[in-house]
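Residue numbers run from 1 in the order of the sequence given.
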Amino acid sequence: MPKLTVIAGPDEGKEYQLPTDQPQLIGRSSEALPITDNTVSRRHAELTPDGSIWYIRDLKSNNGTQVNGVHIKNRIRLEPGDEISVGITTLLFGISPNERVFSPVLLTDDDQQEIDVELTLPSSGDSYIGDALDPAAAAEDHLRVIYALTSITAKIVNKRELLDAVMILIFNEFKPERGVIMIPGATPEAPMVPGIIRYATPPKDEDAAKIHVSTTILKAAMDGDGVLSTNAMQDPRFAAGDSVQQYQIRSAICSPITFGDHPFGAIYIDSSTIHHAFDRQQLALLNAIGQHTGLALANADEHLKRVNSERMAAIGETVANLSHSIKNILQGLKGGADVVEIGLRKGDLAIARNGWGILRRNLDRIASLTMNMLTFGRKLQLDLELTHINKIAHDCAQLMEQICNEKDIALIVDADPEMPPISVDPSLIHQVIMNLIANAIEAVEPEIGVVTVKVAFNESRPHKKKAGTILRPTVVISVIDNGPGIPQNRLAWIFEPFNTTKGIKGTGLGLAVTKRIAYEHKGRIRVESTPAPAPNHGSTFKVIIPADLDAQLDPSATSNRQSNNSDSMGLLP
């Protein structure tokens, strides 16, 4: 039975046995492996067995998941000895810490293993296809490999996954016995380290696993030249039988991974000459693979820079917008405090009450802003519970009752008394209803305004348009007002962050957060609005949530989907 051992972090020393028949969560939720690291998300990563093979995927955690120091994006296979980093915790997979061994890749100098260089070919040199027995067939074969490589590099951004996919392609095409992709190390003592290691068949022991890479040909590759070589028998140590066994006569290719003048590493593959000897056409092809891989790695770097740049721009815009909103709220708080102070100084309780009303309204605004900021700024992790939506609606209405009384408007809750509890995140649904009620109250006119919160349950029923499909049961939360309505030219962007029709009273986060919460629940949000002076003007916001969310949603996963449509269908049929 494989195991996880915590080798760094608050739980250092703990071991977790991994049953071979069920997935395991890494996180702080009650269903996950017990980890006390507060920087780990509730559902951070998932380990999934497939027979004796284990895979890991990040569950869109706040800080991401690293395997051997590389952030992972999609599911990847784990090997014994891999280090998994989540938060400030590092876990060792498959083996005990004292079982860890050093890399099987050994860099050998010329005095340790004499190398016979048969051919050196610049990575930008000729293809040598013309020397093939059938140049047309060779050209077609090379084109097929490059097309397959382009398909791989076009869809993979994560560097580890990219190099792993490239190595699989190389093994399929070149049929080597062993291979390694060397990448720049982090210290002068280890200028080049193995990034991806692969064997055609699992090595029988540690000696069989050792890959001796000549520093001479590796340096040539890092200088931009592909090298075709064999290890020469003139090495005096071949006189001993054990050395012959350790240093078999091998044919090897080492090609650079470059983009322009920037070296990203080198691809090394070898095979016993009895099994297979490489030729110059294969050297040229591996050089081409190295160039395409270098281009993909450069694109990955540029993508990361662009993402970071866009993130910094978004942070700047967010800070500017929030600073403006907070400044307005602080001015309101200061104004209310001044009125209270005047009332206390004069001993006039009526003046003090007016000032307290101003203070309370602005305290409510900053509390609402803080909740929306927290929800908007983090990756949501649903904490599902069986919840009575009716109770949440009544609780929200009760919280807004005093504001409605001050404005002299009616707030009505119309909830289906037969509706069963459903699986949702109650705190997030509470935030949704509060945001919609607050918007409706702001929209309606004093004394004549009416806000209705309606909660309805729709059972499963056959779809009339699509035979054979079933509509899942849903809960519809509607907030209806008789305000002035929303002009049609504004409906397209009301759910975008920091767009508001309230002037200094709004932040533009409420509807963006409401939409995001609906999407996290695999739901959708609709808006219907008739602007004044049309009869029956007003707006209706409907949040539609699947009542069987626990059956649809992987309890270990969340998805932060974004959309700009005012009527977005989510995953409901």
Side-chain angles (χ1 to χ4, degrees), residues 2-18 23-29 31-49 53-105 156-165 167 181-187 189-190 193-197 265 297 300-301 303-305 307-308 311 378-381 554 556-558 560:
K3 59 186 174 182
L4 282 178
T5 305
V6 182
I7 58 175
D11 303 302
E12 184 174 351
K14 281 189 178 180
E15 287 190 356
Y16 306 100
Q17 298 296 324
L18 302 177
Q24 297 293 308
L25 291 181
I26 298 176
R28 294 183 293 105
S29 72
E31 61 214 292
L33 298 173
I35 292 178
T36 60
D37 183 355
N38 290 328
T39 61
V40 173
S41 300
R42 285 179 54 79
R43 296 177 177 89
H44 198 109
E46 181 184 51
L47 297 167
T48 307
I53 300 173
W54 281 81
Y55 296 87
I56 186 171
R57 67 183 177 112
D58 182 68
L59 300 176
K60 301 194 182 297
S61 59
N62 289 334
N63 300 319
T65 301
Q66 297 183 38
V67 175
N68 298 329
V70 179
H71 279 280
I72 62 172
K73 182 179 179 182
N74 300 315
R75 190 180 80 151
I76 68 167
R77 177 175 174 172
L78 285 173
E79 301 291 346
D82 280 347
E83 293 185 5
I84 303 167
S85 298
V86 291
I88 60 173
T89 294
T90 301
L91 305 105
L92 182 66
F93 172 77
I95 60 175
S96 299
N98 57 4
E99 296 175 323
R100 284 187 293 180
V101 296
F102 293 106
S103 168
V105 177
I156 301 179
V157 176
N158 182 276
K159 290 185 177 181
R160 174 192 169 100
E161 296 168 7
L162 172 65
L163 294 179
D164 194 39
M167 185 62 90
I181 295 180
M182 303 295 293
I183 59 176
T187 63
E189 294 77 16
V193 296
I196 299 292
I197 303 172
L297 292 174
D301 284 344
H303 173 75
L304 182 60
K305 291 178 183 177
V307 168
N308 288 336
R311 183 181 291 117
R378 64 184 173 91
K379 294 180 179 179
L380 298 183
Q381 304 260 343
D554 179 350
S556 68
T558 60
N560 295 310

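Of the inter-residue distances, the one linking Arg57 atom CZ with Leu47 atom CG reads 10.5 Å to the nearest 0.5 angstrom. Residue Thr65 holds its OG1 atom at 3.5 Å from CG of Asp58, rounded to the nearest 0.5 Å. Here the CG-CG distance, from Asp11 to Leu91, works out to 8.5 Å after rounding to the nearest 0.5 Å. If you take CG on Leu33 and CD on Gln24, they are separated by 5.0 Å, rounding to the nearest 0.5 Å. Going from atom CD of Glu31 over to atom CZ of Arg42 covers 7.5 Å, rounded to the nearest 0.5 Å. A distance of 10.0 Å separates CZ in Arg28 from OG1 in Thr36, rounded to the nearest 0.5 Å.
Contact of the Ile26 side chain with the Thr89 side chain is not registered, since no non-hydrogen atoms from C-beta on lie closer than 4.5 Å. No side-chain heavy atom of Asp164 sits less than 4.5 Å from a side-chain heavy atom of Ile76. Residues Val67 and Phe93 fail the side-chain proximity criterion, which asks for heavy atoms closer than 4.5 Å. No side-chain heavy atom of Asp37 sits less than 4.5 Å from a side-chain heavy atom of Val86. Side-chain contact between Pro10 and Ile35: absent, with no pair of heavy atoms (C-beta onward) separated by less than 4.5 Å.
The two atoms that bring Ser85 and Thr90 nearest to each other are OG-OG1, 3.5 Å, heavy atoms only. Minimum interatomic distance between Thr5 and Glu15 (heavy atoms only, all atoms of both residues): OG1-CG, 3.6 Å. The two residues Pro23 and Glu46 make their nearest non-hydrogen contact at CB-OE2, 3.8 Å. Minimum heavy-atom separation, Pro34 to Tyr16: O-OH, 2.6 Å. The two residues Arg43 and Ser29 come nearest to each other via the heavy atoms CG-OG, 4.1 Å. Val193 approaches Pro184 most closely through the heavy-atom pair CG2-O, 4.2 Å.
Ser41 contributes a side-chain N or O that, together with a main-chain N or O of Asn62, makes up a donor-acceptor pair within less than 3.5 Å. Side chain of His44 to main chain of Gly64: a donor-acceptor pair is present (N/O by atom type, distance under 3.5 Å, no hydrogens or angles).
With sequence neighbours left out, Asp301 forms a side-chain hydrogen bond (donor to acceptor under 3.5 Å, both in side chains) with Lys159. Residues passing the salt bridge (Lys or Arg N to Asp or Glu O under 4.0 Å) test with Asp82 are Arg160, sequence neighbours excluded.
Neither side chain, Ser61 nor Asn63, offers a donor N or O lying under 3.5 Å from an acceptor on the other.
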